[in-house]
Enquirer: 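The following block contains the structure, expressed as structure tokens.
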Amino acid sequence: MTLPASRRRFLQLAGAGLAVAGSGLPGLGYAQTAPAAAPASPRADGPVLLNFNECPYGPSAAAQSAARDSIARCGRYRFELAAQVRDAFVEHSGVSADHLRLYPGSSEPLNRAAAIWTGPQQGLVVADPTFEAIGDVAAARGAHVSRVPLRSDGAHDVRAMVAAAHARPTGLMYVCNPNNPTGSISPPAELAWLLASKPAGTRVLLDEAYLQYSDQPSLIAQVAERDDLIVLRTFSKLYGMAGLRLGAAAAHPDRLRELGSLGDNPLPVPALAAALASLHDPQLVPQRRLQNAKIRQATIAWLGKRGFSCLPSEANCFVVDVQRDGAAFARAMAAQGVVIGRSWPIWPQRVRVTVGTEEEMAAFRAAFAQVAGVPS
Ligand code: PLP
């Protein structure tokens with residue numbers, strides 16, 4: 001059996017004791033692998049984890065309290081609570097209720113999209129580097145995956161992606177905006193051009209997992225006008241709910257039906273309760289966006305002053321050029337108690353770093369200075 005590339009890397013790293021804490025790997029299987037071999041940390045309070053683009057603040061206080069209060073009623077599926085969350089999301093996003101479906105996280109509709117719209121006769125076009133889970137699923141289903149390098153400014157190269165989609169039968173194009181791992185953005189005019197120029201039968205999966213961190217407009221309302229666009233959102237990032245599991249797919253009802261054809265999966269009640277509390281808090285998004293931007297910009301400026309460049313990021317992660325083997329650099333950082341993300345094959349000397357708290361990024365700077373041999 002041929003394993004998808006990220007899975008192979010995961011297994012190699014598992015042998016090296018870095019599989020969970022050190023790899024930053026998305027994709028198949030990572031969620032259920034026991035962290036038996038997390039690297040030993042020199043920090044008394046455990047390693048600083050800057051590897052999975054998680055939100056270090058967790059769910060807001062109101063969301064935590066709502067989730068706790070919901071536990072007693074978790075013996076029920078609570079479909080009425082799911083409807084309330086959907087209605088609150090609809091009010092926020094401007095999509096109509098029949099164009100929206102909630103899922104336990106955005107990985108589920110993302111995986112379903114690859115399972116349904118890619119295969120031996122229907123390829124996938126993605127950027128490189130990008131969040132590679134969808135490429136892994138598509139490759140496992142026998143689809144050809146065209147990887148199109150990002151432009152030097154970090155934007156998706158929409159011209160080259162559209163050319164790749166026309167070059168062979170393409171079921172799906174995946175666009176992550178802001179992009180994981182770079183946090184770089186693709187401007188609305190570029191995305192409009194992509195939507196206008198792609199092959200007519202090709203669907204576009206637009207992943208807005210990190211959009212709330214950025215100043216970019218969402219394209220979610222466009223699902224009312226076109227039946228070939230699917231927009232994904234998640235509560236895992238800015239809302240701090242990665243472990244609670246809630247996400248959403250917005251699309252034409254026919255596309256939602258196709259996604260739903262792989263079966264239903266009721267939603268976790270504490271996640272619904274936390275999401276509702278989060279959506280009712282008008283301060284949460286602007287406050288966390290500002291906080292993340294401030295810490296991210298300060299960290300990138302600190303790196304820049306020491307000669308290490310990063311692409312401009314509007315997310316809770318960035319990629320830094322460490323000017324040497326990125327995997328070895330990440331291992332050396334882990335030995336200092338700071339676990340950063342990983343490198344992508346196209347950029348072996350760059351590593352992804354998640355933006356943590358002020359204290360976590362102070363630890364990052366100290367470890368980075370030590371490993372790179374620069375002033376702290
Ligand atoms: N999309 C992107 C771009 C991501 O980075 C991630 C997780 O890191 C996901 C989707 C999946 O997130 P979740 O299933 O927690 O919503």
Side-chain angles (χ1 to χ4, degrees), residues 6 10 20 23-33 49-56 58-59 63 85 89 100-115 124 126-138 150 154 156 172-186 191 204-214 216 218-220 230-250 259 265 267-268 270-272 274-275 278 292 313-319 339-342 344 352-356:
S6 73
F10 182 87
V20 169
S23 70
L25 276 179
L28 305 178
Y30 74 110
Q32 294 184 6
T33 304
L49 298 177
L50 306 176
N51 55 335
F52 284 139
N53 290 357
E54 296 152 335
C55 174
V85 176
F89 194 98
L100 188 79
R101 191 173 177 94
L102 299 173
Y103 282 97
S106 61
S107 293
E108 184 162 333
L110 184 123
N111 294 337
R112 286 175 180 228
L124 172 73
V126 296
D128 193 9
T130 195
F131 184 56
E132 68 268 75
I134 193 161
D136 287 349
V137 178
L150 292 175
H156 283 63
L172 193 61
M173 300 177 80
Y174 173 72
V175 175
C176 188
N177 196 39
N179 188 43
N180 176 5
T182 49
S184 51
I185 58 112
S186 298
L191 299 181
V204 175
L205 186 67
L206 176 62
D207 190 336
E208 295 188 340
Y210 300 95
L211 191 88
Q212 291 106 339
Y213 285 113
S214 82
Q216 297 303 304
S218 172
L219 296 199
I220 200 165
I230 305 98
V231 178
L232 300 184
R233 290 286 191 81
T234 183
F235 285 85
S236 293
K237 304 301 174 183
L238 182 138
Y239 290 110
M241 289 174 43
L244 275 170
R245 311 304 300 142
L246 201 69
L259 286 176
N265 188 2
L267 300 162
L272 290 169
S278 301
N292 175 73
S313 165
E314 292 197 18
N316 68 338
C317 60
F318 58 87
V319 166
V339 182
I340 57 174
R342 67 179 194 82
W344 268 243
R352 186 185 70 189
V353 178
T354 300
V355 177

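Just follow the structure's listing: the first ligand is 1, and inside any ligand the first atom is 1.
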Enquirer: Does ligand 1 have any atom sitting under 4.0 Å from a heavy atom of Tyr174?
Expert: yes
Enquirer: Quick one: does ligand 1 sit under 4.0 Å from the side chain of Ser106, the backbone, both or neither, non-hydrogen atoms only?
Expert: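 The answer is both.
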Enquirer: For ligand 1, does Ser107 get within less than 4.0 Å through its side chain, its backbone, both, or neither, judged by non-hydrogen atoms?
Expert: both
Enquirer: Applying side-chain contact (heavy atoms from CB on, under 4.5 Å), can you list everything that pairs with Cys176, at least two apart in sequence or on another chain?
Expert: Thr130, Tyr174, Asn179, Asn180, Asp207
Enquirer: Can you tell me if Asn51 uses its side chain to pair, donor with acceptor, with the backbone of Thr354 under 3.5 Å?
Expert: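 Pair absent, no side-chain N/O of Asn51 close to backbone of Thr354.
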Enquirer: Among the heavy atoms of Glu108, does any lie under 4.0 Å from an atom of ligand 1?
Expert: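 No, Glu108 has no heavy atoms under 4.0 Å from ligand 1.
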Enquirer: For Glu108 and Asn265, test the side chains for any donor-to-acceptor distance below 3.5 angstrom and give the result as yes or no.
Expert: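 On atom types as modelled, these side chains qualify, holding a pair under 3.5 Å.
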Enquirer: Using a 4.0 Å heavy-atom cut-off, say whether Arg245 meets ligand 1 through its side chain, its backbone, both or neither.
Expert: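 Side chain only; the backbone of Arg245 stays clear of ligand 1.
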Enquirer: Quick one: which ligand 1 atoms are inside 4.0 Å of a heavy atom on Thr234?
Expert: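 Checking each atom against Thr234, I get 13 (P), 16 (O).
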Enquirer: Under 4.0 Å from any heavy atom of Cys176, which atoms of ligand 1 are there?
Expert: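 Once the distances to Cys176 are compared, the set is 3 (C).
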Enquirer: Ignoring angles and geometry beyond distance, decide whether Asn180 reaches within less than 3.5 Å of ligand 1 through its nitrogen or oxygen atoms.
Expert: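 Indeed, backbone or side chain, Asn180 has an N or O that close.
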Enquirer: Of the backbone atoms (N, CA, C, O) and the side-chain heavy atoms from C-beta on, which set of Tyr210 has a member under 4.0 Å from an atom of ligand 1: side chain, backbone, both, or neither?
Expert: side chain
Enquirer: Using every non-hydrogen atom in the two residues, find where Ser184 and Asn177 come nearest and quote the distance to one decimal.
Expert: O-OD1, 4.1 Å
Enquirer: Given Asp207, Thr130, Asn316, Leu232, identify the one with the heavy atom nearest to atom 3 (C) of ligand 1.
Expert: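 Nearest option to atom 3 (C) of ligand 1, by heavy atoms: Asp207.
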Enquirer: If you look only at pairs with a residue in residues 231-240, which of them pass as a salt bridge (Lys or Arg N to Asp or Glu O under 4.0 Å), with sequence neighbours excluded?
Expert: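 Salt bridge (Lys or Arg N to Asp or Glu O under 4.0 Å) check on residues 231-240 returns Glu208-Arg233.
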Enquirer: Which residue in the set Ser236, Pro181, Cys317 passes side chain to side chain contact (heavy atoms under 4.5 Å, CB included) when paired with Asn53?
Expert: Cys317
Enquirer: Does Arg352 reach the main-chain N or O of Gly341 with its side chain, forming a donor-acceptor pair under 3.5 Å?
Expert: no
